[in-house]
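Read the structure below first, then the notes.
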Amino acid sequence: MRSALKTLFAINPGNSFKAYIETSVSLLKDFSKQGLFTHGSVLHAHLIKMGISSENYIAIKLLIMYLNSRKSAETDQILKEFNGFNLVVHNCLIAANVDWGNLDGARQLFDEMPHKNEVSWTALISGLLKHGRVEEAMWYFERTPFQNVFISTAGISGLVKNGLTFEAIKVFLKMLQSGVMPNDITFTSVVRACAEFGDIGLGMSVLGLIVKVGFEHNLSVSNSLITFSIRFGEIDLARRIFNQMENRDVVSWTAILDMYVEMGDLREARRVFDEMPERNEVSWSAMIARYSQSGHAEEAVKLFHHMVQDGFRPNTSCFSSTISALASLEALQSGKNIHGHVAKIGIERDVFVGSSLIDLYCKCGKTEDGHVVFDSILEKNVVCWNSMVSGYSLNGQLEEAKELFDQIPKKNNISWNSMIAGYLENEQSDKVFEVFNEMLLSGETPSESTFSSVLCACASIASVQKGKNLHGKVIKLGIQYDTFVDTALTDMYAKCGDIESSKRVFNRMPTKNEISWTAMIQGLAENGFAEESLTLFEEMEKTSSVAPNELIFLAVLFACSHCGLVDKGLWYFNSMEKVYGVRPMNRHYTCVADMLSRSGRLLEAEKFITTMPYQPEINAWAALLSGCKTHTNERIAERTARKLSELSEKKSGGYVMMSNIYASAGRWIDVLSTRKLMKEKGVKKSGGCSWVEVRNHLHLFYSQDETHSESADIYGILELLKSEMLIL
DNA sequence: ACGCTTTTTC
């Protein structure tokens with residue numbers, strides 16, 4: 001650019017005045033586009049010296065440049081040189097105001113114009129549509145006296161941008177009927193409309209038209225057709241279009257890269273990326289984003305650094321994807337570094353960057369810092385709000401989350417899901433249902449994710465009635481074949497003890513993931529179907545590619561423990577790490593301790609607990625003590641009880657069991673002394689609790705202290721029933 | 001003047 005300027009300065013304009021102006025104009029255009037305003041003002045000064053700065057073409061380009069750089073003094077200076085606003089100046093001002101988001105200003109300028117041409121109309125209509133002001137845009141669209149390809153295309157693409165794909169297609173058909181010839185850009189927009197409308201047949205007939213009119217070898221039309229094919233899973237078609245292209249640009253390559261990601265083949269995508277003839281910030285950001293979204297956060301961050309090393313300047317997308325990756329890695333320090341960087345280049349307040357920064361700080365437990373970012377975003381969209389709400393939820397700050405949630409101007413599905421998930425994570429099931437009902441009343445349709453959370457809440461309070469009600473809603477919405485929903489249903493029915501329904505849902509699932517298998521194996525084991533649970537585990541190993549995880553092993557050990565298959569259990573336990581590469585956790589050791597104790601192998605259990613690599617859980621000792629009770633072994637019981645009293649100064653389980661052991665052995669004095677010890681140490685026996693659900697209301701019954709408000713009536717009815725049973 | 005590829009939250 002600098003050399004271009006030098007060459008220009010060396011030319012004597014007297015020789016070819018027209019060429020000189022043309023060169024100046026194209027230079028100004030480039031400077032303006034690339035933001036090289038210093039170059040621009042140097043050229044401006046030179047043009048003044050040459051006495052041609054007021055040439056119409058040059059003055060317009062100078063105006064555009066100063067408008068783009070928001071230099072108001074210089075802009076005013078140029079405007080003064082025009083004698084009153086002419087049509088072209090007006091159009092420039094409208095375009096600039098649209099760029100600045102000042103749509104009211106643009107409209108006012110437009111309305112005040114004495115003469116408007118098609119450029120004025122197109123600029124205003126597309127500007128309004130770009131900023132989501134569809135109704136106003138359509139008002140002008142219906143009243144324009146001009147009928148040409150630009151205005152129609154502006155209307156079509158704008159409608160597509162606003163999600164009104166059907167309206168866009170209608171405008172396209174009307175355009176064809178009135179004899180206006182579509183151009184490449186029209187087709188690009190219409191193909192996108194077909195993809196988003198979800199009608200492959202419509203898209204295919206548009207493709208026919210494209211071929212008929214001869215646009216099938218156009219670059220951007222082919223690019224949009226690739227995207228269209230991928231969206232409908234037509235991989236072969238996408239590849240065919242790509243292969244038949246005469247020239248491919250970075251967009252075509254990025255689209256085909258995305259195809260492999262869509263197919264779940266990240267490796268092939270990376271191969272395409274590495275072999276692309278040309279890359280731009282978008283290709284980089286596509287690859288970074290895809291790594292980040294598929295859970296390869298480290299790789300995403302690595303690629304970001306690689307990109308910077310290669311001399312590319314990351315754009316907003318790269319930054320937001322990278323920050324999001326850092327958030328999932330909880331890499332606060334690296335995140336802060338990037339935060340500093342985005343602040344320096346002035347995109348800190350961008351909604352994408354801002355939302356991921358909020359997420360970063362909240363995932364690292366710094367909700368206050370997240371809130372500072374949140375407050376700094378001037379034009380918050382719903383994603384910013386959602387990030388902040390889920391950030392608070394994540395950190396257990398439910399009051400803050402709810403307060404913010406209630407203030408969201410336009411909630412979307414994810415807003416509701418964040419709030420519901422927040423209450424679920426913090427075990428406030430009642431609030432889960434409360435917000436869910438609120439959601440239904442607001443008219444928002446629950447999604448797969450919503451059901452997965454609410455069903456999980458049903459499972460946690462074992463409310464089969466609520467669960468069945470939800471199951472009905474799921475079927476009504478037609479989302480009963482979703483893996484997440486079905487897994488939640490399987491788990492809910494199992495946790496509620498309705499193992500038959502649980503199995504029915506599980507068996508008809510089209511695809512099962514790791515969590516689905518875990519839910520069913522665990523469900524069977526915990527409902528007393530130990531053999532079936534083990535059979536299912538073996539079936540999983542044989543028929544699916546799912547590798548057993550910690551939780552599945554826990555269920556397997558639990559099952560072995562409950563059907564007395566001690567040796568099988570021990571075999572699984574020993575092969576966990578050796579064969580499957582799953583390191584047993586403390587809970588697995590506890591489970592084995594329980595298994596040995598239950599079967600009466602008390603000495604073995606005791607040895608197992610004392611030699612395990614973790615600090616034994618209280619439950620491990622409690623299990624042994626319980627085993628001592630069933631198999632009446634007072635000596636080990638006393639040793640164990642001592643251990644327990646050391647470990648569980650505050651937890652009452654050990655003492656309760658110990659007193660029960662003494663009781664079963666008839667040593668009442670010891671029972672009394674243990675109870676006394678408990679009282680002295682301030683240990684309270686945690687009461688048992690059971691419940692029934694009657695007409696959507698939960699009735700709780702405690703073994704002590706609290707009594708049901710209608711306790712007297714309930715016992716009355718119970719007596720009545722008892723007497724009737726005796727009569728029969 | 002109108003377009004294609006990428007970005008944030010559950």
Side-chain angles (χ1 to χ4, degrees), chain A residues 91-92 94-95 98 117-127 129-130 146 148-158 160-161 182-192 218-228 230 249-259 261 279-290 292-293 314-324 327 347 350-360 362 377 381-391 393-394 412-422 424-425 447-450 452-453 484:
Chain A
N91 287 344
C92 287
I94 290 176
V98 166
N117 65 5
E118 59 249 49
V119 180
S120 333
W121 284 90
T122 315
L124 183 71
I125 292 171
S126 75
L129 285 167
K130 232 172 239 164
F146 298 100
N148 63 31
V149 61
F150 294 123
I151 292 189
S152 301
T153 307
I156 293 169
S157 75
V160 178
K161 258 189 218 126
N183 64 13
D184 51 343
I185 301 176
T186 323
F187 280 122
T188 320
S189 305
V190 172
V191 170
R192 181 178 160 191
N218 179 282
L219 189 60
S220 39
V221 174
S222 303
N223 287 342
S224 67
L225 282 169
I226 293 176
T227 313
F228 168 85
I230 296 170
D249 68 351
V250 79
V251 178
S252 334
W253 281 98
T254 311
I256 217 77
L257 180 154
D258 224 41
M259 181 182 84
V261 177
R279 282 180 222 157
N280 64 6
E281 306 77 45
V282 179
S283 345
W284 281 98
S285 87
M287 203 62 230
I288 293 173
R290 263 48 241 253
S292 174
Q293 289 159 351
N315 61 12
T316 314
S317 328
C318 298
F319 277 116
S320 37
S321 299
T322 307
I323 295 169
S324 159
I347 53 168
D350 174 87
V351 283
F352 286 99
V353 172
S355 304
S356 34
L357 279 173
I358 295 171
D359 187 43
L360 168 82
C362 293
I377 304 172
N381 66 8
V382 67
V383 182
C384 307
W385 287 90
N386 293 348
S387 305
M388 200 62 234
V389 167
S390 67
S393 299
L394 193 74
N412 67 7
N413 202 278
I414 295 183
S415 321
W416 290 99
N417 291 345
S418 307
M419 199 61 235
I420 290 174
L424 180 74
E425 285 302 310
S447 65
E448 288 86 348
S449 175
T450 323
S452 154
S453 296
F484 287 93

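Residue numbers begin at 1 in each chain, while the letters A, B, ... track the order of the sequences. Keep in mind that this is a model prediction, so the values were computed, not measured.
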Original post:
Quick one: A:I256 CD1 to B:dT6 C1', roughly how many Å, whole number?
Top reply: 16 Å

**OP:** Starting from the C-alpha separation in whole Å, work towards a yes-or-no answer on side chain to side chain donor-acceptor pair (under 3.5 Å) for A:S252 and A:D249.
**Re:** CA-CA 5 Å; A:S252 334; A:D249 68 351; 2.8 Å; yes

Subject >> N/O (side chain, A:S126) to phosphate O (OP1/OP2, B:dC2) under 4.0 Å >> reply: yes

**OP:** For A:E281, report the nucleic acid contact type (base, sugar-phosphate, nothing); a contact means any heavy atom under 4.0 Å.
**Re:** nothing

Subject >> Length of the line joining A:W284:CH2 and B:dT7:P, which is rounded to integer Å >> reply: 17 Å

Subject >> Side-chain heavy atoms of A:L257 within contact of A:M287, under 4.5 Å >> reply: yes

Original post:
Which one, B:dT8, B:dA1, B:dC4, comes nearest to the side chain of A:S355?
Top reply: B:dT8

**OP:** May I ask you to check whether A:S356 and A:S324 show a side-chain donor-acceptor distance below 3.5 Å?
**Re:** no

Original post:
Counting side-chain heavy atoms from C-beta on, which of B:dT6, B:dC2, B:dT5 comes nearest to A:V251?
Top reply: B:dT5

Subject >> Donor-acceptor pair present, A:S321 side chain and B:dT7 base, under 3.5 Å >> reply: no

Subject >> Results of side chain to side chain donor-acceptor pair (under 3.5 Å) for A:D184 - residues two or more places apart only >> reply: A:N218

**OP:** With side chain to side chain donor-acceptor pair (under 3.5 Å) as the test, would you mind laying out the steps for A:S447 and A:T450 before giving the verdict?
**Re:** CA-CA 5 Å; A:S447 65; A:T450 323; 3.2 Å; yes

Subject >> Under-4.0 Å side-chain N/O to phosphate OP1/OP2 contact, A:S324 with B:dT9 >> reply: yes

Subject >> Residues which pass side chain to side chain donor-acceptor pair (under 3.5 Å) with A:D258, listed by chain and number, not counting sequence neighbours >> reply: A:R290

**OP:** Between B:dT8, B:dC4, B:dT5, spot the one nearest the side chain of A:V282, thanks.
**Re:** B:dT5

Original post:
How close or far is atom P of B:dC2 from atom CG of A:N218, stated in whole angstroms?
Top reply: 17 Å

**OP:** For A:F352 and B:dT7, say yes or no: do the ring centres fall under 5.5 Å of each other while the ring planes differ by less than 30°?
**Re:** yes

**OP:** For the side chain of A:T316, starting at C-beta, report the closest nucleotide among B:dT6, B:dT7, B:dC4.
**Re:** B:dT7

Original post:
Between B:dC2, B:dC4, B:dC10, which nucleotide has the shortest distance from any of its atoms to the side chain of A:S224?
Top reply: B:dC4

Subject >> Under-4.0 Å side-chain N/O to phosphate OP1/OP2 contact, A:Q293 with B:dT6 >> reply: no

**OP:** From the options B:dA1, B:dC4, B:dT9, select the nucleotide whose nearest atom is closest to the side chain of A:V119.
**Re:** B:dA1

Original post:
Choosing from B:dC4, B:dC10, B:dC2, which nucleotide comes nearest the side chain of A:A154?
Top reply: B:dC2

Original post:
Quick one: which of B:dC10, B:dT6, B:dT8 gets closest to the side chain of A:I414?
Top reply: B:dC10

Original post:
Tell me: CE of A:M388 to C1' of B:dC10, nearest whole Å?
Top reply: 16 Å

**OP:** May I have the distance from A:E448 (atom CD) to B:dC10 (atom P), rounded to whole angstrom?
**Re:** 16 Å

Subject >> Nucleotide nearest A:R192 when distance is taken to its side chain, options B:dC10, B:dA1, B:dC4 >> reply: B:dC4

Original post:
Tell me: NZ of A:K161 to P of B:dT5, nearest whole Å?
Top reply: 11 Å

**OP:** Look at the side chain of A:S285 and the base of B:dT6, then say whether one donor and one acceptor between them are separated by less than 3.5 Å.
**Re:** yes

**OP:** Specify the separation, in whole Å, of atom CD1 of A:I226 and atom P of B:dT6.
**Re:** 12 Å

**OP:** Can you figure out which of B:dC2, B:dT5, B:dT7 approaches the side chain of A:R290 most closely?
**Re:** B:dT7

